[in-house]
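Worksheet for the structure shown next.
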Number of protein chains: 2
Amino acid sequence: MTTSFVPRRPSSPEFALLGFLYLQPGHGYDLHRRLSAELGEIWHVSQSQTYNILKRLQSQGYLTARRVTQEKLPAMQTLELTPAGRARFEAWLAAPTGGSVRAVRLDFLTRLYFARRLDPSRIPAILADQIAYLHHTIARLETRWAGLPAGGEINRLSLQLRLRQLRSILEWLEEYAETFARTLQTEDPPRS
Amino acid sequence: MTTSFVPRRPSSPEFALLGFLYLQPGHGYDLHRRLSAELGEIWHVSQSQTYNILKRLQSQGYLTARRVTQEKLPAMQTLELTPAGRARFEAWLAAPTGGSVRAVRLDFLTRLYFARRLDPSRIPAILADQIAYLHHTIARLETRWAGLPAGGEINRLSLQLRLRQLRSILEWLEEYAETFARTLQTEDPPRS
DNA sequence: CGGCTATACTCACTCGGTGAGTATAGATGA
DNA sequence: TCATCTATACTCACCGAGTGAGTATAGCCG
């Protein structure tokens, strides 16, 4: 199960970009295209924002740039992960995602995407981790719910709504894990 | 029903702050306390961020500050809405919130809070608007789902998950609207 | 030959958000 | 009695998120 409850990290498309570079070096324009095509329903990132993130990752030492002049097309910077960058991505892929609705829809699905491409055998563990993490979050919120001061109806409503959303996402995950396990026996990855 | 589908605004605690000032003028420290106590489960805003927002609202002409020196306590800036500020808040309160999960949990609940305090008779209309908006969003996403290119499993999963979340929130809203309507007949606002 | 799209990237800006710092008064407690 | 903790009230410097417009060139299409 490997359920180590790690501190929550901020969710951002930066790991998706690291992941695409992990799969294959490329330049900014290209990465933006890959990100939009493959994970466009998850991350809505503008071109300039992609460049912003890449520049930051570079200044933090996770990737190196090499200027390449082309004959007919504008010059470009091909980007490549440094060892620190590879390590960062691998650590992210191995760690369970946070327990929020947002984290599941964004980070978790992104992890699923890269796990599929890199090492599908890890998927059951990733699913199990995520399910465990969600149970944990739900339990925490239930405790908080019980401790809410009387009055403050809106705070109660908010927590109630969040719990409901989390339970619904948990159901979905459990269904998905089941179909996935079933299709493993019959040899194919699951459909949609 | 008054269903005019207005462009989505960014969701931010700024309207909650405008709202508290609408109810009663106050200074930054006080507003931060009110916000945390009343809507703390919705907006997690640090003290300095509260001041940031207030400063911006001031520079945009939505509120005015007046320095007040106190005998024993530090000087403070009492803040008051300008007519533009009052108008901005009223427009926000009247407009339907966006159709995303996040928008409902944050903006919509905030609107509900202020509607309760200012004019509970508007609540049924607000609920109806929100429900209509959600139906609209769900229909839009279903169309998009149908048009997704083959392959790109993760994009399909993401949309599927989002739809599921929206349907769950819609159910909740409909339940809430119903209990609310029923308790209106028996004279009390609904509980939790 | 005039405009459109694709390639590849830059710049300037606003907004969101944090953490630490400043200054003072009164309460708490060993 | 002296230290330290909590409450009041705010400021500052910084980083990251995100946008919109701009730059420059090549090739295609009618």
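The analysis underlying the following values was restricted to heavy atoms, covering all of them including side chains, and did not include hydrogens, waters or symmetry mates. Residue numbers start from 1 in every chain, and the chains themselves are labelled A, B, ... in the order their sequence lines are given, proteins ahead of strands.
Listed by first and then second residue, the salt bridge (Lys or Arg N to Asp or Glu O under 4.0 Å) pairs involving residues 18-27 of chain A amount to none (not counting sequence neighbours).
With sequence neighbours excluded, no residue satisfies salt bridge (Lys or Arg N to Asp or Glu O under 4.0 Å) with B:E90. Checked against salt bridge (Lys or Arg N to Asp or Glu O under 4.0 Å), B:R162 has no partners two or more places apart in sequence or in another chain. Partners of A:I126 under the side-chain contact (heavy atoms from CB on, under 4.5 Å) rule, at least two apart in sequence or in another chain, are A:F108, A:R111, A:A115. Residues meeting the ring-ring contact (aromatic ring centres under 6.0 Å, His included) test with A:F89, sequence neighbours left out: A:Y22, A:W92, A:F114. Partners of A:E178 according to the salt bridge (Lys or Arg N to Asp or Glu O under 4.0 Å) rule, which considers only residues two or more places apart in sequence or in another chain, are A:R182. Taking A:Y51 as the reference, A:Y29, A:Q47 meet the side-chain contact (heavy atoms from CB on, under 4.5 Å) condition, with sequence neighbours excluded. Qualifying salt bridge (Lys or Arg N to Asp or Glu O under 4.0 Å) partners for A:R164, counting only residues two or more places apart in sequence or in other chains: B:E171, B:E175.
One interatomic measurement links the two molecules: CZ of A:R34 to P of C:dT7, which rounds to 14 Å at whole-angstrom precision. Between the CD atom of B:E14 and the P atom of C:dG17 there is a distance of 11 Å, given to the nearest Å. We find that CZ of B:R102 is positioned 12 Å from C1' of D:dA17, with the value rounded to whole Å. Rounded to whole Å, atom P of C:dG17 lies 10 Å from atom CG of B:L106. Rounded to a whole Å, the CG atom of B:L17 is 14 Å from the C1' atom of C:dG17. If you take CZ of B:F15 and C1' of C:dG16, they are 15 Å apart, rounded to a whole angstrom. Rounded to an integer number of Å, the gap from NE2 of A:H32 to P of C:dT7 is 12 Å.
Residues of residues 47-59 of chain A that place a heavy atom closer than 4.0 Å to DNA chain C, in numerical order, are A:Q47, A:S48, A:Y51, A:K55. In the region residues 76-89 of chain A, proximity to DNA chain D at under 4.0 angstrom, judged on heavy atoms, holds for none of the residues.
Put simply, B:S46 has no side-chain N or O that comes within less than 4.0 Å of OP1 or OP2 on C:dG17. Dashed line: the shortest gap from a side-chain N or O of A:R33 to OP1 or OP2 of C:dA6 is not under 4.0 Å. When the side-chain nitrogen and oxygen atoms of B:Y29 are compared with OP1 and OP2 of D:dC10, none of them lie within a distance under 4.0 Å.
Taking a cutoff of 4.0 Å between a charged side-chain nitrogen and a carboxylate oxygen, B:E14 and B:R56 qualify as a salt bridge. Under 4.0 Å is where a charged nitrogen must lie from a carboxylate oxygen, and between B:E142 and B:R167 at least one such pair does.
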Which pairs would a plain distance check flag for residues 75-86 of chain B, meaning a side-chain donor or acceptor within less than 3.5 Å of a matching protein atom at least two apart in sequence or in another chain?
| from | atom 1 | to | atom 2 | distance (Å) |
| --- | --- | --- | --- | --- |
| B:T78 | OG1 | B:R66 | O | 3.3 |
| B:T78 | OG1 | B:R66 | NH2 | 3.4 |
| B:T82 | OG1 | B:G61 | O | 2.7 |
| B:T82 | OG1 | B:Y62 | O | 3.3 |
| B:T82 | OG1 | B:A84 | N | 3.4 |
| B:T82 | OG1 | B:G85 | N | 3.1 |

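Comparing the end axes of the helix from C:dC1-D:dG30 to C:dA30-D:dT1, each fitted to five base pairs by superposing C1' atoms of four pairs onto the next four, gives an inter-axis angle of 20° (nearest 10 degrees).
Across all strands shown, B:R67 has no heavy atoms under 4.0 Å from either base or sugar-phosphate atoms.
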